[in-house]
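A quick write-up on the structure given underneath.
We name chains A, B, ... by the order of the sequence lines, and we start the count at 1 in each one.
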There are 2 protein chains.
Amino acid sequence: MPETTTPTTRESKHQATALRVERNAVRLVLQHGFDNVTVDMICEASEISQRTFFNYFKTKDAAVIGAEPPHVDEAQARQFISSDSDLLAELLTLMTTMAANLNFDEKLLTDRIMVFGQNPELMHRQMERMGRITTEVTELVYLRLKRAAGATSGPTGSPVNEPDLRDQAELLTHAIMGVLRFVAMRWIPTPDMPPVPGASTSDGVSATDADPAPSREQSLEHALSLLRRTLRTP
Amino acid sequence: MPETTTPTTRESKHQATALRVERNAVRLVLQHGFDNVTVDMICEASEISQRTFFNYFKTKDAAVIGAEPPHVDEAQARQFISSDSDLLAELLTLMTTMAANLNFDEKLLTDRIMVFGQNPELMHRQMERMGRITTEVTELVYLRLKRAAGATSGPTGSPVNEPDLRDQAELLTHAIMGVLRFVAMRWIPTPDMPPVPGASTSDGVSATDADPAPSREQSLEHALSLLRRTLRTP
DNA sequence: ATCGTAAAGTGCAGTAACTGCAAAACGCGG
DNA sequence: CCGCGTTTTGCAGTTACTGCACTTTACGAT
């Protein structure tokens, strides 16, 4: 190998390795199924030792669904708080954006979605990871509710029950998490594709360059309209 | 032990053993924490071999959160479909009832709730197990929605979009799962807040014989009123 | 360019969850 | 009491994951 060791800084090298491992993990799982892929296989493909793998990722799952925890964008959060239009819609887009942001690589994102289709338990882990920032999101919702309540009632009088507003925010957040689940399910291509290992079909490279982005946005729009209609007639 | 061989039939013995293991598992986890309890410890306490343990329970988690999957009561389902009052409320009570039904033992139920308080990941597993019957519940909601739609529009004309109704039902189910999460969280005595005011001993052993049942119902009522208020003013 | 140091990578040994297999123990009907 | 099917068990093996000690590497200071 004529190339000397890459002159990259430590951090970028770390990131590169992490990305490489994640890609290999997702690829292998798509090929053979989650249970048939060992950590050692991922390590060999990624040219790192098993011990290093567990330095990068806390669990095998983490490498497949992604290591970085989701986080809320500052600007987006501020805008969300001070907005006054459809709360549910904005909350939902806020969270879907979060999910998409930590999968900046489109190929990796679509592949992960496919993995989720074949391994429902991983989907649940992902949603659980999302749930970890429930408190953050709840805080945002609370701030917005509080602001809105203060704006309508005026500075003078009607006592807005603070704890109730907190509860309301938390309830809303949990409910929207459920809706997010629903939307995420729509992103999965088709659950009736048997993940037969060594299948006769091509190795899955071709299917990814369809247009999934509009499909994702469409399904989100659909869910929103459905949600509005559902809530309008209880 | 000079005990004569238990005159129980095979099945009841099996059930008895399962219950005994579950109780020991929950007790040990409450005492030492989930990660500090090995399967072997549960086995020794329950006087079975490790291999038998895994014949009874698929995983270690299963013994702690309960083996039997939740299922919908026939009569209750029928009543739900043909009812016309508050859909969200009835759906929520339906699911909470399910959760409570598979914990017929009150002590075991409260202990499990405490375990969930100390081990959030187990709570998520439990909710995931709940999610497994999402399709069933969705079907119920769909049937109710369809019936209601048919009743209002009359047999003659307006075309009720079937797939849309299905989507609506699924969306609703997912959302209510989120609300269920919220309610379940309220059941947890959470951060060192004993269920009974005045008992400052807090050794964790005795606090269980308080009256948590009304508390559970109260929190459900609270959540419902919150939900109604939230949805009324979006 | 070289060197010292701290961080990153690695090997190894160990723990614990879980599985398959075959033998042993047991319950149940005859 | 006896055969027979089910349950339980021991045992060996796989795999995820961890702690520890050691080597390698990157990077700043000289």
Side-chain angles (χ1 to χ4, degrees), chain A residues 1 3-22 24-26 28-29 32-67 115 119 121-122 124-125 128 197, chain B residues 1-22 24-26 28-29 31-67 115 119 121-122 125 128:
Chain A
M1 51 188 83
E3 280 198 353
T4 61
T5 57
T6 51
T8 51
T9 172
R10 249 155 159 157
E11 214 167 86
S12 70
K13 194 174 183 178
H14 193 275
Q15 254 181 325
T17 307
L19 189 59
R20 176 162 38 93
V21 174
E22 287 185 23
N24 281 323
V26 169
L28 285 171
V29 168
H32 309 114
F34 184 78
D35 292 334
N36 298 324
V37 173
T38 69
V39 174
D40 284 337
M41 287 165 72
I42 304 174
C43 292
E44 197 183 359
S46 310
E47 295 179 307
I48 58 172
S49 72
Q50 199 204 54
R51 198 59 187 81
T52 304
F53 176 93
F54 284 110
N55 283 341
Y56 276 77
F57 305 95
K58 220 181 153 222
T59 65
K60 176 180 158 188
D61 302 344
V64 180
I65 70 179
V115 166
N119 305 80
E121 73 276 11
L122 289 182
H124 290 148
R125 298 272 156 77
E128 183 189 327
Chain B
M1 291 275 190
E3 281 187 353
T4 63
T5 57
T6 50
T8 48
T9 171
R10 237 123 120 158
E11 217 166 83
S12 71
K13 197 174 182 178
H14 193 275
Q15 251 182 324
T17 307
L19 188 59
R20 175 163 37 91
V21 174
E22 288 186 21
N24 281 322
V26 169
L28 285 171
V29 168
Q31 280 178 6
H32 309 113
F34 184 77
D35 292 334
N36 299 322
V37 173
T38 70
V39 174
D40 284 337
M41 286 164 73
I42 304 174
C43 292
E44 197 183 358
S46 310
E47 293 177 310
I48 59 171
S49 73
Q50 199 205 51
R51 197 60 188 80
T52 305
F53 176 93
F54 285 111
N55 283 342
Y56 276 78
F57 305 94
K58 219 182 154 220
T59 64
K60 175 180 158 189
D61 302 344
V64 179
I65 69 178
V115 166
N119 306 78
E121 73 276 11
L122 289 183
R125 299 271 156 75
E128 184 189 326

**Asked** K13(A) side chain: which of dG27(C), dC20(D), dA26(D) is closest?
**Response** dA26(D)
**Prompt:** Counting any heavy atom closer than 4.0 Å, what does F53(B) reach on the DNA or RNA strands: base, sugar-phosphate only, or nothing?
**Reply:** nothing
**Message:** As an exercise, state the distance from CZ of R125(B) to CG of D61(B), rounded to the nearest 0.5 Å.
**Reply:** 4.5 Å
**Asked** Quick one: E47(A) CD to dT24(D) C1', roughly how many Å, whole number?
**Response** 17 Å
**Item:** Student check: side-chain heavy atoms of F34(B) and L122(B) closer than 4.5 Å
**Value:** yes
**Prompt:** How many Å lie between CD1 on I42(A) and C1' on dT15(D), as a whole number?
**Reply:** 12 Å
**Complete:** Sorted by chain and number, sequence neighbours left out, side chain to side chain donor-acceptor pair (under 3.5 Å) with S12(B) holds for none
**Message:** Once rounded to the nearest 0.5 Å, what's the spacing between atom CG of L19(A) and atom NE2 of H14(A)?
**Reply:** 12.5 Å
**Message:** Return the CZ to OG1 distance between F53(A) and T17(A), rounded to the nearest 0.5 Å.
**Reply:** 13.0 Å
**Item:** Any residue meeting side chain to side chain donor-acceptor pair (under 3.5 Å) with T59(A), in chain and number order, not counting sequence neighbours
**Value:** none
Please tabulate, one pair per line, each protein N/O and nucleotide N/O from nucleotides 15-17 of chain C that are separated by under 3.5 Å, including the distance.
from: dA17(C); atom 1: OP1; to: V39(B); atom 2: N; distance (Å): 3.3
from: dA17(C); atom 1: OP1; to: K60(B); atom 2: NZ; distance (Å): 3.4
from: dA17(C); atom 1: OP2; to: V39(B); atom 2: N; distance (Å): 3.3

**Request:** Give the angle between the helix axes at the two ends of the helix from dA1(C)-dT30(D) to dG30(C)-dC1(D), taking five base pairs at each end and rounding to 10°.
**Result:** 10°
**Item:** Value in whole Å for how far the P atom of dA23(C) lies from CZ of R51(B)
**Value:** 16 Å
**Request:** Check the distance between dC17(D)'s C1' and I48(A)'s CD1 and give it to me in whole angstrom.
**Result:** 14 Å
**Complete:** Side-chain atoms of N55(B) come closest, of dT9(D), dT25(D), dC28(C), to dT9(D)
**Message:** Hydrogens and angles aside, do R20(B) and N24(B) bring a side-chain donor and acceptor to less than 3.5 Å of each other?
**Reply:** no
**Message:** Side chain of T52(B), heavy atoms from C-beta onward: which of dA26(D), dG9(C), dT9(D) has the nearest atom to it?
**Reply:** dT9(D)
**Item:** Residues that T38(A) engages under side chain to side chain donor-acceptor pair (under 3.5 Å), provided they are two or more places apart
**Value:** none
**Prompt:** Rounded to the nearest Å, what distance is computed from the CZ atom of residue F34(A) to the P atom of nucleotide dT15(D)?
**Reply:** 13 Å
**Request:** Look at the side-chain N and O atoms of Y56(A) and state whether any lies under 4.0 Å from the OP1 or OP2 oxygen of dA8(C).
**Result:** no
**Contact nearer the 5' end of DNA chain C, comparing K58(B) with R10(B)** = K58(B)
**Prompt:** NA contact type, F57(B), heavy-atom cut-off 4.0 Å: base, sugar-phosphate, or nothing?
**Reply:** nothing
**Complete:** With sequence neighbours left out, the residues meeting side chain to side chain donor-acceptor pair (under 3.5 Å) with R10(B) are none
